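What follows is a set of notes on a single structure, which appears directly below.
Everything numeric in this text was worked out from a predicted model, so none of it was measured.
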Amino acid sequence: QVQLVESGGGLVQPGGSLSLSCAASGSIFSSYAMGWYRQTPGKQRELVARITSGGSRNYADSVKGRFTISGDNAKNTVYLQMNDLKPEDTAVYLCNFGIRIGIRDGVSEYWGQGAQATVSS
């Protein structure tokens, strides 16, 4: 059993900052890529940022230069620092981990419960 618990988010004015964190716990043999997605009503879930176990990062074009993803493999935790926020960044943000629960198991995806980030004046 693997659990992902998110924290952070909230309400901020345009131009402000928010941070998110997501910690995975439970039966984790090893973790691989960690990422953040976001979802708004009526739209498909979109990848915001992703980091591999080797530290390679990629970002959605809409957040490049404003968002920073980081990870702590030892703590199975991923972070997202969001700066210069815009109203269009308003969404539920979900973390995603690729995790192997045993040496003979394949890699499965796990999701956090979601954290609301609202950017409004």
Side-chain angles (χ1 to χ4, degrees):
Q1 191 82 6
V2 175
Q3 300 84 35
L4 271 59
V5 177
E6 297 185 32
S7 60
L11 172 63
V12 69
Q13 292 185 342
S17 298
L18 287 173
S19 59
L20 300 171
S21 65
C22 176
S25 62
S27 302
I28 300 172
F29 176 74
S30 58
S31 63
Y32 297 87
M34 301 180 285
W36 290 95
Y37 290 71
R38 65 187 180 188
Q39 184 144 34
T40 55
K43 290 188 177 181
Q44 281 191 326
R45 187 175 295 182
E46 65 167 343
L47 175 66
V48 176
R50 184 173 178 271
I51 184 169
T52 67
S53 56
S56 296
R57 296 170 172 83
N58 64 285
Y59 297 92
D61 288 342
S62 59
V63 307
K64 282 180 182 176
R66 301 187 297 121
F67 290 13
T68 302
I69 189 171
S70 59
D72 186 331
N73 290 333
K75 295 182 178 179
N76 289 315
T77 301
V78 64
Y79 307 93
L80 185 69
Q81 178 64 40
M82 304 184 288
N83 297 330
D84 190 23
L85 282 159
K86 304 175 180 181
E88 52 264 39
D89 295 317
T90 296
V92 173
Y93 286 74
L94 303 106
C95 60
N96 172 272
F97 277 64
I99 289 173
R100 179 176 292 181
I101 62 173
I103 194 169
R104 293 184 177 85
D105 296 285
V107 178
S108 297
E109 285 195 352
Y110 294 86
W111 293 89
Q113 80 278 15
Q116 178 70 46
T118 302
V119 185
S120 175
S121 55

Can you tell me how far [atom2] of [Y] sits from [atom1] of [X], rounded to the nearest 0.5 angstrom?
| X | Y | atom1 | atom2 | answer |
| --- | --- | --- | --- | --- |
| Leu80 | Thr68 | CG | OG1 | 8.0 Å |
| Ile99 | Ser31 | CD1 | OG | 6.0 Å |
| Ile28 | Asn76 | CD1 | CG | 4.0 Å |
| Tyr79 | Ser7 | OH | OG | 9.0 Å |

Next on the checklist: Suppose the criterion is ring pair (Phe, Tyr, Trp, His ring centres under 6.0 Å): which pairs have a residue in residues 88-108, not counting sequence neighbours?
Outcome noted: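 Passing the test, one end in residues 88-108: no pairs.
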Checklist entry - Which ring pair (Phe, Tyr, Trp, His ring centres under 6.0 Å) pairs, counting each pair once, include a residue from residues 102-121, with sequence neighbours left out? => result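 Qualifying pairs, neighbours excluded: Tyr37-Trp111.
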Checklist entry - What pairs of residues pass the disulfide bond (SG atoms under 2.5 Å apart) test when at least one of them lies in residues 26-92, not counting sequence neighbours? => result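 Matches after skipping sequence neighbours: none remain.
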Item to check | Residue pairs, two or more places apart or on separate chains, that pass disulfide bond (SG atoms under 2.5 Å apart) and touch residues 44-121 | outcome: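 Applying disulfide bond (SG atoms under 2.5 Å apart) to every pair that reaches into residues 44-121, excluding sequence neighbours, yields Cys22-Cys95.
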Item to check | Inter- and intrachain pairs under salt bridge (charged side-chain N to carboxylate O under 4.0 Å, His left out), touching residues 97-117, at least two apart | outcome: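 Counting only pairs at least two positions apart or across chains, no salt bridge (charged side-chain N to carboxylate O under 4.0 Å, His left out) contact touches residues 97-117.
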Restricting to non-hydrogen atoms, name the atom on [X] and the atom on [Y] that form the minimum distance, rounded to 0.1 Å.
| X | Y | answer |
| --- | --- | --- |
| Leu18 | Gly10 | CD1-O, 3.8 Å |
| Ala24 | Leu4 | CB-CD1, 3.8 Å |
| Ser17 | Asn83 | OG-OD1, 2.9 Å |

Next on the checklist: Heavy-atom count check: over 12 atoms from other residues, nucleotides or ligands less than 6.0 Å from Gln44 CD?
Outcome noted: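 At most 12 heavy atoms, drawn from other residues, nucleotides or ligands, come within 6.0 Å of this atom.
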Could you work out, with side-chain hydrogen bond (donor to acceptor under 3.5 Å, both in side chains) as the rule, every residue matching [X], not counting sequence neighbours?
| X | result |
| --- | --- |
| Thr77 | none |
| Ser30 | Tyr32 |
| Arg66 | Asp89 |
| Glu46 | Arg38 |

Same apolar cluster: [X] and [Y], side chain cutoff 4.5 Å:
| X | Y | result |
| --- | --- | --- |
| Met82 | Val92 | no |
| Val119 | Phe67 | yes |
| Leu94 | Trp36 | no |

Item to check | Residues forming a side-chain contact (heavy atoms from CB on, under 4.5 Å) with Ser19, sequence neighbours excluded | outcome: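 Scan of Ser19 (side-chain contact (heavy atoms from CB on, under 4.5 Å), adjacent residues dropped) gives Gln81.
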Item to check | side-chain hydrogen bond (donor to acceptor under 3.5 Å, both in side chains) pairs, two or more places apart, involving residues 47-61 | outcome: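 Counting only pairs at least two positions apart or across chains, the side-chain hydrogen bond (donor to acceptor under 3.5 Å, both in side chains) contacts touching residues 47-61 are Asp61-Lys64.
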Next on the checklist: Taking transitive links into account, so neighbours of neighbours count too, which hydrophobic residues share a cluster with Leu11 at under 4.5 Å side-chain distance?
Outcome noted: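 Other cluster members: none.
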Next on the checklist: Is the shortest side-chain heavy-atom distance between Thr90 and Thr40 below 4.5 Å?
Outcome noted: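 No. Closest side-chain heavy atoms not under 4.5 Å.
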Next on the checklist: Any side-chain to backbone donor/acceptor pair from Gln116 onto Gly9? Under 3.5 Å, distance only.
Outcome noted: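 Side chain of Gln116 to backbone of Gly9, a donor-acceptor pair under 3.5 Å: no, none is there.
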